[in-house]
Amino acid sequence: MKKLTKIVSLALVLVMAVMMLASCGGSKYPAIEKAFVDAGYENNTTFTGVMNTIKEELAKEEYAVELHMLTKKSNGLTSAIVIEFKSTKELVEYYESSATVQGLVKDVSENEDVNKMYNALVNAGYANGNCLVVPASILYINEITNIVRSEEHT
């Protein structure tokens with residue numbers, strides 16, 4: 001009987017551990033959004049220009065994503081587009097296939113290894129978790145990438 005109790009207890013502990021790990025793997029968007037809001041940005045539902053181009057590309061490729069745009073309150077022009085993917089693998093696949101996003105995202109070396117490519121995007125400040133952050137304002141690229149990098153360390 002003691003042996004059966006130990007086995008059941010271990011099984012329950014294992015199930016609980018797996019459930020805890022699964023619940024931690026959610027989207028990084030809420031944390032990214034908070035970092036931008038703390039830096040003076042707000043949600044913007046007006047998709048124009050680059051945002052519409054990216055939206056059209058995503059529709060053609062049939063990626064299941066959420067699009068978000070965060071705009072700086074103080075000037076109303078500085079924006080970051082956050083593309084929330086289901087997985088980091090899809091994020092990297094989209095980046096590699098999109099000339100539009102590659103043109104907007106600078107300082108990322110090409111690499112065939114998915115993990116290394118993802119790490120290059122993270123190190124450059126363009127990705128965090130399942131989210132790809134595309135600066136829509138080239139004058140504020142450093143500010144935007146620094147916000148994304150700072151969220152990684154909070």
Side-chain angles (χ1 to χ4, degrees), residues 14 16-154:
L14 181 63
M16 289 175 55
V18 168
M19 288 176 58
M20 286 177 53
L21 287 173
S23 67
C24 293
S27 177
K28 285 295 255 180
Y29 179 71
I32 291 171
E33 179 185 33
K34 182 181 180 328
F36 274 94
V37 168
D38 290 349
Y41 286 71
E42 64 186 352
N43 280 306
N44 182 348
T45 57
T46 309
F47 297 165
T48 59
V50 174
M51 190 71 160
N52 284 330
T53 303
I54 292 172
K55 192 175 182 178
E56 289 168 13
E57 275 186 18
L58 289 163
K60 286 179 194 173
E61 299 294 323
E62 298 181 6
Y63 284 103
V65 299
E66 292 289 327
L67 290 174
H68 311 277
M69 186 159 66
L70 299 155
T71 303
K72 193 166 190 166
K73 290 182 207 177
S74 63
N75 65 18
L77 300 172
T78 305
S79 296
I81 301 165
V82 182
I83 308 170
E84 184 181 358
F85 290 87
K86 285 188 175 186
S87 68
T88 56
K89 183 180 178 193
E90 282 187 4
L91 180 157
V92 173
E93 286 173 2
Y94 175 67
Y95 172 78
E96 290 175 338
S97 68
S98 173
T100 303
V101 173
Q102 286 179 12
L104 293 169
V105 174
K106 305 292 183 198
D107 302 324
V108 177
S109 58
E110 195 169 315
N111 196 312
E112 291 181 21
D113 181 358
V114 171
N115 290 330
K116 287 183 181 177
M117 175 60 86
Y118 173 74
N119 289 337
L121 287 166
V122 169
N123 291 337
Y126 295 108
N128 190 331
N130 63 323
C131 296
L132 179 65
V133 180
V134 180
S137 308
I138 57 173
L139 295 175
Y140 293 91
I141 287 175
N142 287 337
E143 177 181 319
I144 291 168
T145 56
N146 285 336
I147 292 169
V148 175
R149 278 191 215 105
S150 72
E151 191 291 313
E152 184 70 26
H153 302 292
T154 58

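Below, all heavy atoms of this structure are taken into account, side chains as well, without hydrogens, waters or symmetry copies. Computed from a predicted structure; not experimentally measured.
The OH atom of Tyr140 sits 14.0 Å away from the CG atom of Asn146 when rounded to the nearest 0.5 Å. Atoms CG and NE2, on Asn44 and His68 in that order, are 13.0 Å from each other to the nearest 0.5 Å. One distance of note links CG of Leu77 with NZ of Lys72; it measures 11.0 Å at 0.5 Å rounding. Of the inter-residue distances, the one linking Ser87 atom OG with Glu93 atom CD reads 7.0 Å to the nearest 0.5 angstrom. Taking CG of Leu121 as the start and OG1 of Thr88 as the end, the distance is 10.5 Å to the nearest 0.5 Å. Rounding to the nearest 0.5 Å gives a distance of 9.5 Å between CD1 of Ile147 and CG of Asp38.
Phe85 pairs with exactly one of Tyr29, Tyr94, Tyr95, Tyr118 by the ring pair (Phe, Tyr, Trp, His ring centres under 6.0 Å) rule, that one being Tyr94. The only member of Val133, Val134, Leu70 that meets side-chain contact (heavy atoms from CB on, under 4.5 Å) when paired with Ile81 is Val134.
Among all heavy-atom pairs drawn from Ser79 and Ile144, the shortest one is O-CD1, 3.4 Å. The two residues Val148 and Gly125 have their closest heavy-atom pair at CB-O, 3.3 Å. The minimum heavy-atom distance between Gly129 and Leu91, with the atom names listed, is O-CD1, 4.0 Å.
In this structure a side-chain-to-backbone donor-acceptor pair under 3.5 Å is present from Asn130 to Lys28.
The environment of CD in Glu66 is sparse: at most 12 heavy-atom neighbours from other residues, nucleotides or ligands sit within 6.0 Å.
Between Glu33 and Asn43 the shortest side-chain heavy-atom distance falls below 4.5 Å.
Ring planes of Tyr41 and Phe36: perpendicular class, angle over 60° (limits at 30 and 60°).
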